[in-house]
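In what follows, a single structure is set out as structure tokens and then discussed.
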There are 2 protein chains.
Amino acid sequence: MTIHTPSSIGRYASKFIDLTPEELTTFTAAFKEIKVKKRQFLVQPNFIAQHRYFILKGALRAYVVGEEGQDHTIQLAIEDWWISDYNSYMFRQPASMFVMAVEDSHLLQISFEDELQLKATSYKFETFFRILAERSVAFMQRRVITSLTQTAEQRYDTFVEKYPAMVNRFPQYVIASYLGMTTEFLSRIRNHKMKG
Amino acid sequence: MTIHTPSSIGRYASKFIDLTPEELTTFTAAFKEIKVKKRQFLVQPNFIAQHRYFILKGALRAYVVGEEGQDHTIQLAIEDWWISDYNSYMFRQPASMFVMAVEDSHLLQISFEDELQLKATSYKFETFFRILAERSVAFMQRRVITSLTQTAEQRYDTFVEKYPAMVNRFPQYVIASYLGMTTEFLSRIRNHKMKG
DNA sequence: AAAAAATGTTGAACCAGTTCAACATTACGG
DNA sequence: CCGTAATGTTGAACTGGTTCAACATTTTTT
């Protein structure tokens, strides 16, 4: 028995909008539960991202591969976060990212069409997705600010402070590529700290 | 007579949502026309940003001031763009940015309360602001990607290519701080190009 | 039209972070 | 529990971009 499927996303949505029991049912019905194995891909470059994903359990990353073949992590996600290539998903463009499971994960997915449907069904659902987008804007703005204003070590410290739950869920090289530095340099930052 | 006040923002909104003449009137009525002089501030750190601004004519920038007193430009805006400290405006938090006019400018402002009102009035307005936020997400995601994957020179080239209209509207040091490099280095990039 | 303020340029020293290569450790499937 | 793949560490040379300082040019103000 899956205890949390309806309640988890329902509880999440209820943080932002007030739903009647019927609305709650309609809302949760739009999502499909899926399980993915570690290293499985959900989105790949040049294909259109068909879904956005809500993480019930697990960890995922979105990344682009640069000219010289190095990964650049654009987004990290664990429980209660959303992930996709949003430019691809929202504007029906070919994706530029991979979205990959970093752990075996348990997700809820919603398709672009079902999301449209939901938004057409009720005002409140439209509001919900507006709020999601606004929160993303605020989040990314913070990321732009830290990337412009902080050194590599400060960015790492900020990351540990703001997202302590993520630090132990992702390999070092993923965190390094998220923070815009090399694995080697992050290794040095960390070992440097242990001495003092 | 101000020819473009209602039509400009109305034309803009009509790109995304279909409005009846009455809705159009309600929508445009929520905005107030203002003029600002070069170097005038619209948002300042520690105060809550009360408005978001649509640029009818002019150029503005949003920036944070780092520990050592250097500017870091977070956003640039010319005609048909929006600007504010969105984290402050949307979530009623103290701003971390300055928003300043770079030219004498002609703007439409909407207050947080009037925007709420508008969103409560009609579904379509809710949709409009959702789309605005989604476009911001896609825009900022592109910025994060270029900042992680490109060198200083490539970032400048990309900027010139994507936003040619902005290049001549902002002083060099503003563009440099937007692209995450020093004025001196951007000067060298530009002069290097003129020979090479 | 002169003075002042803002913006842009150049050289030379410097440094935060990268690169490359070799090795160490941990995790994991069979 | 062994072997292999994935992840992490360390040193040493290197480089893309910064810093600082002095000067040049453009724009704005009076």
Side-chain angles (χ1 to χ4, degrees), chain A residues 37-40 58-59 61 63 66-73 76 98 100-104 146-160 166-195, chain B residues 36-41 59 61 63 65-73 76 98 100-105 146-160 166-196:
Chain A
K37 288 269 172 212
K38 184 168 175 171
R39 267 173 252 284
Q40 188 176 326
R61 62 188 283 242
Y63 63 97
E67 314 232 314
E68 280 87 31
Q70 336 110 67
D71 293 9
H72 299 279
T73 299
L76 297 175
F98 292 93
M100 193 185 84
V102 167
E103 302 173 357
D104 290 357
T146 56
S147 89
L148 286 176
T149 58
Q150 303 191 168
T151 63
E153 181 159 14
Q154 290 172 329
R155 293 197 303 276
Y156 177 67
D157 291 345
T158 301
F159 180 78
V160 171
M166 292 204 161
V167 180
N168 305 306
R169 301 285 288 277
F170 296 94
Q172 211 117 292
Y173 72 90
V174 168
I175 293 175
S177 83
Y178 179 79
L179 294 174
M181 67 187 80
T182 59
T183 316
E184 292 96 328
F185 197 67
L186 181 51
S187 172
R188 282 181 247 261
I189 287 173
R190 281 177 156 175
N191 293 345
H192 171 69
K193 279 191 195 308
M194 306 201 341
K195 296 163 201 159
Chain B
V36 291
K37 287 269 173 212
K38 183 166 176 171
R39 268 173 251 284
Q40 187 175 329
F41 291 106
R61 62 188 283 241
Y63 64 97
V65 176
E67 314 231 315
E68 281 87 31
Q70 335 111 67
D71 293 10
H72 299 280
T73 299
L76 297 176
F98 292 94
M100 194 184 83
V102 168
E103 302 173 357
D104 290 356
S105 300
T146 57
S147 89
L148 286 175
T149 58
Q150 302 191 167
T151 63
E153 181 160 11
Q154 290 172 330
R155 293 198 301 278
Y156 176 67
D157 291 344
T158 302
F159 180 80
V160 171
M166 292 202 159
V167 181
N168 304 305
R169 301 284 288 277
F170 295 95
Q172 211 118 293
Y173 72 91
V174 167
I175 293 174
S177 83
Y178 179 80
L179 295 174
M181 67 188 80
T182 58
T183 315
E184 292 94 327
F185 197 67
L186 181 51
S187 172
R188 281 181 246 262
I189 288 173
R190 283 178 155 175
N191 293 345
H192 172 69
K193 281 193 194 309
M194 304 201 343
K195 297 163 199 158

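Labels below follow one simple rule: chain letters A, B, ... track the order of the sequence lines, proteins then strands, and each chain is numbered from 1. Heavy atoms only: backbone and side chains are in, while hydrogens, waters and symmetry mates are out. Keep in mind that what you see is a predicted model, and the values were worked out from it rather than measured.
When the side chain to side chain donor-acceptor pair (under 3.5 Å) test is applied to Arg188(A), no partner is found at least two apart in sequence or on another chain. Not a single ring pair (Phe, Tyr, Trp, His ring centres under 6.0 Å) links Tyr173(B) to another residue, sequence neighbours left out. Under the rule for a salt bridge (Lys or Arg N to Asp or Glu O under 4.0 Å), Arg155(A) has no partner lying at least two apart in sequence or in another chain. Checked against side chain to side chain donor-acceptor pair (under 3.5 Å), Glu67(A) has no partners two or more places apart in sequence or in another chain. Every salt bridge (Lys or Arg N to Asp or Glu O under 4.0 Å) that Glu103(A) has, sequence neighbours left out, goes to Arg169(A).
Rounded to whole Å, the distance from OH on Tyr156(B) to P on dG17(D) is 15 Å. Taking atom CD1 of Ile175(A) as the reference point, atom P of dG8(D) lies 8 Å away to the nearest angstrom. For the pair Asn191(B) CG and dG11(C) P, the computed distance is 10 Å after rounding to whole Å. A straight line from CD1 of Ile189(A) to P of dG8(D) spans 14 Å, rounded to a whole angstrom. Computed from coordinates, the His192(B) NE2 to dG11(C) P distance equals 14 Å when rounded to whole Å. As rounded to whole Å, 11 Å separates atom P of dG8(D) from atom CG of Asn168(A).
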Cut-off 3.5 Å, no hydrogens considered: what does the side-chain donor-acceptor table look like for residues 174-183 of chain B, sequence neighbours left out?
unit_1	atom_1	unit_2	atom_2	d
Ser177(B)	OG	Thr73(B)	N	3.3
Ser177(B)	OG	Thr73(B)	OG1	2.5
Ser177(B)	OG	Val174(B)	O	3.1
Thr182(B)	OG1	Phe185(B)	N	3.2

Q. Can you give one letter per nucleotide of nucleotides 13-30 of chain C, going 5' to 3': B for a protein heavy atom under 4.0 Å from the base, S for sugar-phosphate only, - for none?
A. ----BBBB-------S--
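Residues in residues 170-180 of chain A take part in no salt bridge (charged side-chain N to carboxylate O under 4.0 Å, His left out) pair, two or more places apart or across chains.
Rounded to 10 degrees, the angle separating the terminal axes of the helix from dA1(C)-dT30(D) to dG30(C)-dC1(D) is 60°, with each axis obtained from five end pairs.
Between the side chain of His72(A) and the main chain of Leu148(B), a donor-acceptor pair closer than 3.5 Å is present.
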